[in-house]
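Each remark here refers to the structure printed beneath this line.
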Amino acid sequence: MVKEMVKKLFPATKNVDEVVGIVEKYRGKFGLGTGLRLAMFLAQVREEVGPELKMVRESLNYSEQSVQKVFKSMTPELAKKYARTEEHAANQEMIANVVYAGKLGNGGVESGDGWKYRGAGCLQVTGKSNFEEVQKRCVKYAGKEMDPDTIEGFLVFGMAYWMYRDLYREADTGDVDKVTEKVNKYTDSYESRKKHFEMVKGLIS
């Protein structure tokens, strides 16, 4: 079942057997023991990372206009200075440090926490406080802290966030929107996530 779901949702994945092995190893430890929970989890991951299940970190390669739409804290002056324009590439590190400053346990701009704790893991966990809670659960359920910049850590980081937010409770209702609301409340991808779930619902056993 796991392999079939991975292949269905992530057709561009090159190391399917490695990914499946990691999921099989840890799923029971992180509230993913049932087919329904796994399908719900993978549907969310598919929207966060795309058709290839590989390690990625949050991209902040925003244009001057788009960064202001996504982040209200990005003033026109800062957007012109740090976002992508015809004159220069985006300074992604500074964008992260500005827009995530003072949020989710992060320090100020000068701390560099915005960049250090930008979206990571297969559910794109963001913010120092969330990283800390996720690592606590990595230690508790996997026996060690995880590096989200490795494929094992990337997958387990998302699973640990799933445990931290008690997402298995929402998954058990079969309501994709309830899961999405806790993963990424203000996203415009509610319908996409439901479509991903529908793709693998028939594989649940």
Side-chain angles (χ1 to χ4, degrees), residues 6 9-10 13 19 22-23 25-27 29-32 37-62 70-71 73 92-93 95-109 111-171 176-190 192-193 196-197:
V6 170
L9 284 170
F10 308 96
T13 302
V19 167
I22 294 167
V23 174
K25 179 179 178 179
Y26 291 108
R27 58 180 288 222
K29 302 175 188 290
F30 288 96
L32 294 166
R37 290 179 178 184
L38 182 65
M40 286 283 191
F41 174 76
L42 291 176
Q44 296 292 325
V45 173
R46 171 63 175 80
E47 187 62 31
E48 296 292 337
V49 307
E52 183 178 0
L53 190 44
K54 64 177 182 178
M55 194 287 296
V56 293
R57 291 293 294 266
E58 178 183 5
S59 171
L60 291 119
N61 184 26
Y62 289 101
V70 176
F71 300 105
S73 57
Q92 296 193 50
E93 184 169 351
I95 291 174
N97 288 336
V98 169
V99 301
Y100 292 133
K103 298 176 181 176
L104 300 169
N106 290 347
V109 174
S111 71
D113 285 348
W115 180 250
K116 183 177 181 181
Y117 299 110
R118 71 194 187 281
C122 63
L123 288 181
Q124 295 294 279
V125 178
T126 307
K128 184 177 181 180
S129 59
N130 282 332
F131 268 61
E132 290 174 347
E133 291 296 334
V134 162
Q135 288 290 19
K136 286 178 187 177
R137 284 153 183 82
C138 288
V139 172
K140 182 175 181 178
Y141 298 108
K144 61 182 178 180
E145 289 195 353
M146 290 286 176
D147 179 359
D149 293 330
T150 66
I151 187 60
E152 180 184 54
F154 180 73
L155 291 165
V156 175
F157 225 64
M159 295 180 190
Y161 185 74
W162 180 265
M163 286 294 285
Y164 165 43
R165 298 298 308 280
D166 296 331
L167 284 159
Y168 52 87
R169 299 181 189 278
E170 279 70 28
V176 180
D177 284 347
K178 286 185 176 181
V179 179
T180 301
E181 187 174 358
K182 291 187 78 170
V183 172
N184 194 343
K185 185 174 183 178
Y186 300 108
T187 184
D188 59 1
S189 61
Y190 279 78
S192 294
R193 293 168 197 254
H196 300 325
F197 175 70

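FYI, the numbering just counts along the sequence from 1. Quick note: numbers below take in every heavy atom, side chains included, and nothing from hydrogens, waters or symmetry partners.
W162 has its side chain within reach of V179: a pair of non-hydrogen atoms, C-beta onward, lies under 4.5 Å apart. Side-chain contact between K103 and S73 is present, with heavy atoms from C-beta onward closer than 4.5 Å. When side chains are defined from C-beta on, F10 does not count as touching V19, because their heavy atoms never get closer than 4.5 Å. Contact of the F131 side chain with the L104 side chain is not registered, since no non-hydrogen atoms from C-beta on lie closer than 4.5 Å. Looking at heavy atoms from C-beta onward, C122 lies out of side-chain contact with M55 at the 4.5 angstrom threshold. Here the side chains of V23 and L38 are in contact, with some heavy-atom distance below 4.5 Å. A 4.5 Å side-chain heavy-atom check between Q92 and Y62 finds every atom pair outside the cut-off. Taking 4.5 Å as the limit, every side-chain heavy atom of E170 sits out of range of all side-chain heavy atoms of T180.
Closest approach of R57 and R118 over heavy atoms only: NH2-O, 3.3 Å. When every heavy atom of Y168 is checked against every heavy atom of M163, the shortest pair comes out as CE2-SD, 4.0 Å. Residues G108 and A101 share a closest heavy-atom pair of C-CB, 4.0 Å. Scanning both residues, F154 and Q124, for their nearest heavy atoms gives CE1-NE2, 4.2 Å.
To the nearest 0.5 angstrom, D177 atom CG is 11.5 Å from F197 atom CZ. Note that OG1 of T126 is 5.0 Å distant from CD of E58, once rounded to the nearest 0.5 Å. The structure places CG of N106 at 8.5 Å from CG of N97, a figure rounded to the nearest 0.5 Å. The distance from the CE atom of M40 to the CG atom of L32 is 12.0 Å, given to the nearest 0.5 Å. Considering CZ of F41 and OH of Y161, their distance stands at 12.0 Å, rounded to 0.5 Å. Here E48 contributes atom CD and N184 contributes atom CG; the two are 5.5 Å apart, rounded to the nearest 0.5 Å.
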Let's go through K178 and L167 carefully: what are the C-alpha distance in whole Å and the side-chain angles of both, what is the deciding distance for side-chain contact (heavy atoms from CB on, under 4.5 Å) to 0.1 Å, and is it a yes or a no?
CA-CA 9 Å; K178 286 185 176 181; L167 284 159; over 6 Å; no
Any chance you could lay out the side-chain contact (heavy atoms from CB on, under 4.5 Å) test for L155 and M146, step after step, and finish with the verdict? CA-CA 9 Å; L155 291 165; M146 290 286 176; over 6 Å; no
Full working for side-chain contact (heavy atoms from CB on, under 4.5 Å) between V176 and Y190: CA-CA 8 Å; V176 180; Y190 279 78; over 6 Å; no
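Ion pair E181/R165 not flagged as a salt bridge, since none of the NZ, NE, NH1 or NH2 atoms sits closer than 4.0 Å to an Asp/Glu carboxylate oxygen. A salt bridge is absent between E132 and K136; no separation between the charged side-chain nitrogens and carboxylate oxygens falls under 4.0 Å.
Here Y141 and Y26 keep their ring centres 6.0 angstrom or further from each other. For Y100 and F71, the distance between ring centers is under 6.0 angstrom.
Shown here is K29, whose NZ atom has no more than 12 heavy atoms of other residues, nucleotides or ligands within 6.0 Å.
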